[in-house]
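Along the sequence shown, the residues carry numbers beginning at 1.
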Amino acid sequence: QVQLVESGGGLVQAGDSLRLSCAASGRTLSNYGMAWFRRTPGKERELLANFRSSGGITYYADSVKGRFAISRDTAKNTLYLQMDSLKPEDTAVYYCAVDSRGGANYNYWGQGTQVTVSS
């Protein structure tokens with residue numbers, strides 16, 4: 001079993017930065033595939049960034065490439081999403097997810113954290 005708790009969201013102005021955290025219980029994140037998603041009302045869920053337990057290629061959506069960065073701290077068992085140069089269109093609920101089997105078929109999800117970017 002894996003439990004995920006997101007934090008770090010809030011209200012910021014365009015151009016600001018935020019770092020989202022996803023604290024995980026269970027086995028170390030180094031054993032998981034992991035990802036960040038976001039969802040806005042009336043839109044499909046968007047995959048922002050992910051990588052597998054083996055590392056290697058990291059995927060970034062075109063909408064956030066060059067501005068967002070996914071990382072993990074295995075000592076703290078925490079996943080991060082660093083968000084720079086935020087835009088109003090980044091306003092969404094952000095979710096972390098993991099595949100405890102090391103892939104991209106995510107079987108554990110957090111409850112989400114709200115990010116609101118004002119112009």
Side-chain angles (χ1 to χ4, degrees):
Q1 293 292 313
V2 178
Q3 294 181 341
L4 305 172
V5 180
E6 300 98 336
S7 62
L11 174 63
V12 298
Q13 296 184 4
D16 286 352
S17 297
L18 279 175
R19 188 181 71 167
L20 305 183
S21 299
C22 175
S25 63
R27 299 169 68 183
T28 177
L29 288 177
S30 65
N31 297 319
Y32 305 148
M34 58 196 67
W36 284 96
F37 293 81
R38 69 184 179 190
R39 179 69 182 269
T40 58
K43 296 183 179 180
E44 294 293 319
R45 182 179 62 197
E46 180 183 15
L47 172 63
L48 302 177
N50 76 328
F51 53 82
R52 298 176 181 269
S53 61
S54 59
I57 296 173
T58 301
Y59 166 83
Y60 290 98
D62 288 342
S63 58
V64 303
K65 192 175 299 181
R67 299 188 298 119
F68 290 11
I70 188 171
S71 63
R72 62 186 172 191
D73 184 334
T74 56
K76 296 184 179 296
N77 213 28
T78 299
L79 179 70
Y80 299 101
L81 184 68
Q82 178 67 44
M83 307 187 297
D84 296 328
S85 302
L86 284 163
K87 305 174 181 179
E89 50 263 46
D90 294 320
T91 296
V93 178
Y94 286 72
Y95 301 89
C96 62
V98 304
D99 183 342
S100 61
R101 299 150 298 196
N105 294 317
Y106 304 105
N107 54 336
Y108 294 98
W109 294 79
Q111 293 299 306
T113 185
Q114 176 71 46
V115 173
T116 302
V117 184
S118 63
S119 59

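- Note: Gln1 CD to Asn107 CG = 9.0 Å, rounded to the nearest 0.5 Å.
- Put simply, the residue from Thr78, Leu79, Val5 that forms a side-chain contact (heavy atoms from CB on, under 4.5 Å) with Cys22 is Leu79.
- In this structure, the side chain of Thr113 engages the main chain of Gly9 through a donor-acceptor pair within 3.5 Å.
- In plain terms, the two heavy atoms of Val117 and Lys87 that are nearest each other are CB-O, 3.3 Å.
- The minimum heavy-atom distance linking Arg67 with Asp90 is given by the pair NH1-OD2, 2.8 Å.
- Between Trp109 atom CH2 and Arg45 atom CZ the span is 3.5 Å, to the nearest 0.5 Å.
- When each of Tyr106, Tyr59, Trp36, Tyr60 is paired with Asn50, the side chain to side chain donor-acceptor pair (under 3.5 Å) condition holds for Tyr106 and for no other.
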Item to check | Residues Arg38, Val115; criterion side-chain contact (heavy atoms from CB on, under 4.5 Å); working and verdict | outcome: CA-CA 10 Å; Arg38 69 184 179 190; Val115 173; over 6 Å; no
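- Remark: Lys65 engages Asp62 in a salt bridge, criterion side-chain N to carboxylate O under 4.0 Å.
- Within the model, atoms SG of Cys96 and CZ of Arg72 stand 14.0 Å from one another, a figure rounded to the nearest 0.5 Å.
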Item to check | Criterion side-chain contact (heavy atoms from CB on, under 4.5 Å) on Thr91 and Thr40, from CA distance to verdict | outcome: CA-CA 7 Å; Thr91 296; Thr40 58; 5.8 Å; no
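- Looking at every heavy atom in both residues, Ala104 comes nearest to Asp99 through N-OD2, 3.3 Å.
- Val93 approaches Gly112 most closely through the heavy-atom pair CG1-CA, 3.9 Å.
- One hydrophobic cluster, built from ILVMFWY side chains closer than 4.5 Å, holds both Ile70 and Leu48.
- Grouping the Ile, Leu, Val, Met, Phe, Trp and Tyr side chains by contacts below 4.5 angstrom, directly or via other members, places Phe51 with Tyr108.
- More than 12 non-hydrogen atoms from other residues, nucleotides or ligands lie less than 6.0 angstrom from CD of Glu89.
- Closest heavy-atom contact between Tyr32 and Ser100: CD2-CA, 3.6 Å.
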Next on the checklist: Could you walk me through whether Phe68 and Leu86 satisfy the side-chain contact (heavy atoms from CB on, under 4.5 Å) test, starting with their C-alpha distance in whole Å, then the side-chain angles of each, then the deciding distance to 0.1 Å, before giving a yes or no?
Outcome noted: CA-CA 9 Å; Phe68 290 11; Leu86 284 163; 3.9 Å; yes
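- Remark: Asp16 CG to Ser85 OG distance equals 9.5 Å, nearest 0.5 Å.
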Item to check | side-chain contact (heavy atoms from CB on, under 4.5 Å) assessment of Leu20 paired with Glu6 | outcome: CA-CA 7 Å; Leu20 305 183; Glu6 300 98 336; over 6 Å; no
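- In plain terms, the two heavy atoms of Gln82 and Ser17 that are nearest each other are NE2-CB, 4.0 Å.
- Phe37 and Tyr94 fall into different hydrophobic clusters, where Ile, Leu, Val, Met, Phe, Trp and Tyr residues are linked whenever their side-chain heavy atoms come under 4.5 Å apart, directly or through other members.
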